[in-house]
Amino acid sequence: MNAARFSQLFIPTLKDAPADAQVASHKLLVRAGFIRQLGAGIYDYLPLAKRTLSKIEAIVREEMDAIGGQEFYLPALHPAEIWRESGRWEVMGDNMFRLKDRKGGDYALGMTHEEVFTAIARDELRSYRQLPQVWYQIQTKFRDEPRPKSGLLRVRQFTMKDAYSFDVDQAGLDRSYDAQRRAYEKIFTRCGLDFVAVQAHSGAMGGSGSQEFMVRTDAGEDLVAACPRCRYAANTETATSRIPAEQDGAGPATVERFATPGALTIEALERAPHAVPARRQLKTLVYVADERPVVAVVRGDQDLNEAKLQTATGAAVIRPARPEEIPPLMGARAGSLGAVGFARAPVLVDASLGERVNMVTGANEDGFHVRGVDVKREILSQPNARLADLRTVRAGEGCPRCDGALDLFKALEVGHIFKLGTKYSVSMKASVLKADGTEVPIVMGCYGIGVERIMAAAIELWHDENGIIWPLSIAPYGATVLTLGKEPELAKVAEEVVAALSQAGLDVLYDDRDERAGVKFKDADLLGIPIRVAVGKKGLAEGKVEWKLRRGKQVDLVPAAQVGAKAKALLAEPR
RNA sequence: CGGGGCGUAGCGCAGCCUGGUAGCGCGCCUGCCUUGGGCGCAGGAGGUCGCGGGUUCAAGUCCCGCCGCCCCGACCA
């Protein structure tokens, strides 16, 4: 712990934020001299940012080590071979940066390291006696995001702590997973974040279960559904809800076809002359799941959730069918589609529709719909059809666990833990011998934390109109000492204060610049240093200096000699 | 990938419609002054006007192409 002189440091602060910064963390990180942009989704981390990132990494390391994690450092440059083995060379698609070496060989920049870690496990682990293992690294990841945005929140190069657990069986995985979950709670708490752990979608990772650690902020891109009455919280990619049963009344004994020229949308059918309420309609959507068509059916006024559809189909990649792909399959264009009597592809019907009767849906003939559809009788009776949870929950719908109503809010993902199971160990043939001599695939988990995102999330959470308000644990400097004037006695006292704060265990930023008081105050607020001690003539006349916390308003006049004790007292506080 | 916007000094912007010596604020440098919340005055440095091509006596300005960045959507461990 030593003092840094502001006058000698590179801290390029700005009065104006760049015009293209939208979110608070982006504007403030640039203005306060933490980062500069190099390209879309590519940033320079200047010394202040490096200090904060290092502190975050130190916390992550401590907590990983505390649960037996062993740190590795693996390549970011991967031969295509290992990605072909796991099958993800194709699955990752355009999101993976790919390159060729001089001999024409295929390589990728790592977006994640399941393949590399699993390859090590495969080559080196032989026996259940060697398990469990918990391996991790803090590494740069590359993802060719279609749309980098929001400063550090969605970037193409970032630092991730990724950990992997290797167990003989599911029970072992459950223990490893729980240990990680608890470590994550400690890490985010220590970093000063307010967060929620939510049930999550596993996506291209595969596996049997996962939780995301979310920071509630409008700058986030995920939507979380949470119940204020109980602990239920889930990403809307998996969230479920209770919705009231619909009173359908009796329908016709058979379906009736009727002409609906020009009525191609749910809204059009709601209007005269058809006047079919959206909740009485079946919305039929065609997707392509791993290159095979699949038909999804949700209520007219509900939204299909693509993540849920992906889960339900078990596909690695899904996409909406292109307009020209639909007629050959369905016999009609979008706007007149229905699943009644349709047998040429799997049909997934939203679970809330299982008991519905007297519904209206497309007739698979342009310009026609059918009414009197009994979902069970007409659709679920077909061998290619089944129920699945497909709809996106909405705010106000019933909590699935209690009688509360769900809240929906935007959130930023800062960590994600997965029970991978044997997906990678099977595809890459990583197995061990059990005590009874049988060979079993290693049961894996993987656990990620976005380091820069923690930094950005802390700012989204903790800032005001004047700048950043760092949690002490991850602040680039714990304290800053300002001299308000050029008088030598000010500098002398300031240096004593700096020494006392250092002694107390803080990193101190000594603002010794030949600047006016206003400039120093403004910069101190902008940078967000938690403790500010100002040494000025006024206070010094009484032998005192000014102690102020960035997070509060109160200014305490204290004798310089007491600053060290005050700092120690603050450090001793919880959090 | 679809839609929209923007690229002029380190940052924020004007100038472009209607072609004719490249400007303003902040920042930076020098001096004086001031000195407790981004002081004041004076002087000064700094720009291939994103790149390439075209039209023109003349292009920051008009035309064509490209590149980059941002936003919305699609997409997304």
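A, B, ... follow the sequence lines: proteins, then strands. Residue 1 opens every chain.
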[N] [atom2] sits how many Å from [X] [atom1], rounded?
{"X": "A:K15", "N": "B:rC13", "atom1": "NZ", "atom2": "C1'", "answer": "16 Å"}
{"X": "A:R154", "N": "B:rC72", "atom1": "CZ", "atom2": "C1'", "answer": "15 Å"}
{"X": "A:D514", "N": "B:rG38", "atom1": "CG", "atom2": "C1'", "answer": "15 Å"}

Partner of A:E212 under side-chain contact (heavy atoms from CB on, under 4.5 Å), chosen from A:Q199, A:H201, A:H416: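 When A:Q199, A:H201, A:H416 are each tested with A:E212, the side-chain contact (heavy atoms from CB on, under 4.5 Å) holds only for A:H416.
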
Side-chain donor/acceptor of A:N466 to base of B:rG37, under 3.5 Å: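 Per atom types, no contact qualifies.
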
Any N or O donor-acceptor pair linking the side chain of A:R31 to the base of B:rG27 at under 3.5 Å?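 Such a pair does not exist between side chain and base.
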
Ignoring hydrogens and geometry, is there a side-chain-to-backbone donor-acceptor pair from [X] to [Y] under 3.5 Å?
{"X": "A:E460", "Y": "A:S25", "value": "yes"}
{"X": "A:S86", "Y": "A:Y424", "value": "no"}
{"X": "A:R550", "Y": "A:I468", "value": "yes"}

Listed nucleotide nearest any side-chain atom of [X], set [options]:
{"X": "A:E306", "options": "B:rC75, B:rG37, B:rG38", "answer": "B:rC75"}
{"X": "A:F521", "options": "B:rC11, B:rC76, B:rG36", "answer": "B:rG36"}
{"X": "A:K538", "options": "B:rC26, B:rG36, B:rC69", "answer": "B:rG36"}
{"X": "A:N95", "options": "B:rC70, B:rC76, B:rG38", "answer": "B:rC76"}
{"X": "A:D16", "options": "B:rG12, B:rC72, B:rC69", "answer": "B:rG12"}
{"X": "A:K522", "options": "B:rC71, B:rG37, B:rC70", "answer": "B:rG37"}

Which part of the nucleic acid does [X] contact within heavy-atom distance under 4.0 Å: base, sugar-phosphate only, or nothing?
{"X": "A:S150", "result": "sugar-phosphate"}
{"X": "A:R453", "result": "nothing"}
{"X": "A:D523", "result": "base"}

So, OP1 or OP2 of [N]: does either fall under 4.0 Å of a side-chain N or O from [X]?
{"X": "A:Q37", "N": "B:rG68", "answer": "no"}
{"X": "A:R147", "N": "B:rC72", "answer": "yes"}
{"X": "A:K149", "N": "B:rC72", "answer": "yes"}

Using Watson-Crick or G-U wobble geometry with both distances below 3.5 Å, tell me the partner of B:rA74, or none.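 Checking every strand shown, B:rA74 finds no partner, since no pair has both distances under 3.5 Å.
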
Could you please name the partner base of B:rG7, counting Watson-Crick and G-U wobble pairs only when both distances are under 3.5 Å?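 When the pairing criteria are applied, B:rC67 turns out to be the nucleotide that pairs with B:rG7.
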
Within 45 degrees of the ring normal and closer than 6.0 Å to the centroid, is that where the cationic atom of A:R98 sits relative to A:W89?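 That pair qualifies as a cation-pi contact.
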
Centroid separation under 6.0 Å, is that true for the rings of A:F72 and A:F117?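 Yes, the ring of A:F117 comes within the 6.0 Å limit of the ring of A:F72, centre to centre.
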
Whole-angstrom distance between [N] and [M], as gauged at atom [atom1]:
{"N": "B:rA22", "M": "B:rA45", "atom1": "P", "value": "15 Å"}
{"N": "B:rC32", "M": "B:rC51", "atom1": "C1'", "value": "45 Å"}
{"N": "B:rU8", "M": "B:rU48", "atom1": "P", "value": "12 Å"}
{"N": "B:rU18", "M": "B:rG4", "atom1": "C1'", "value": "26 Å"}
{"N": "B:rG2", "M": "B:rC63", "atom1": "P", "value": "23 Å"}
{"N": "B:rC17", "M": "B:rC62", "atom1": "P", "value": "5 Å"}
{"N": "B:rG44", "M": "B:rG7", "atom1": "P", "value": "30 Å"}
{"N": "B:rC24", "M": "B:rC64", "atom1": "P", "value": "32 Å"}

Say you draw a straight line from NE2 of A:H26 to CD1 of A:I459; how long is it, rounded to the nearest 0.5 Å?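 Atom-to-atom, A:H26:NE2 and A:I459:CD1 are 11.0 Å apart.
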
Quick one: does A:K522's side chain get under 4.5 Å of A:K15's, heavy atoms only?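 No, side chains not in contact.
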
Strictly under 3.5 Å: I want the nitrogen or oxygen pairs between protein and nucleotides 31-35 of chain B, one per line.
unit_1 : atom_1 : unit_2 : atom_2 : d
B:rU34 : O2     : A:R516 : NH1    : 2.6

More than 12 non-hydrogen atoms from neighbouring residues, nucleotides or ligands closer than 6.0 Å to NZ on A:K186, yes or no?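 Atom NZ in A:K186 is not packed in, count stays at 12 or less.
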
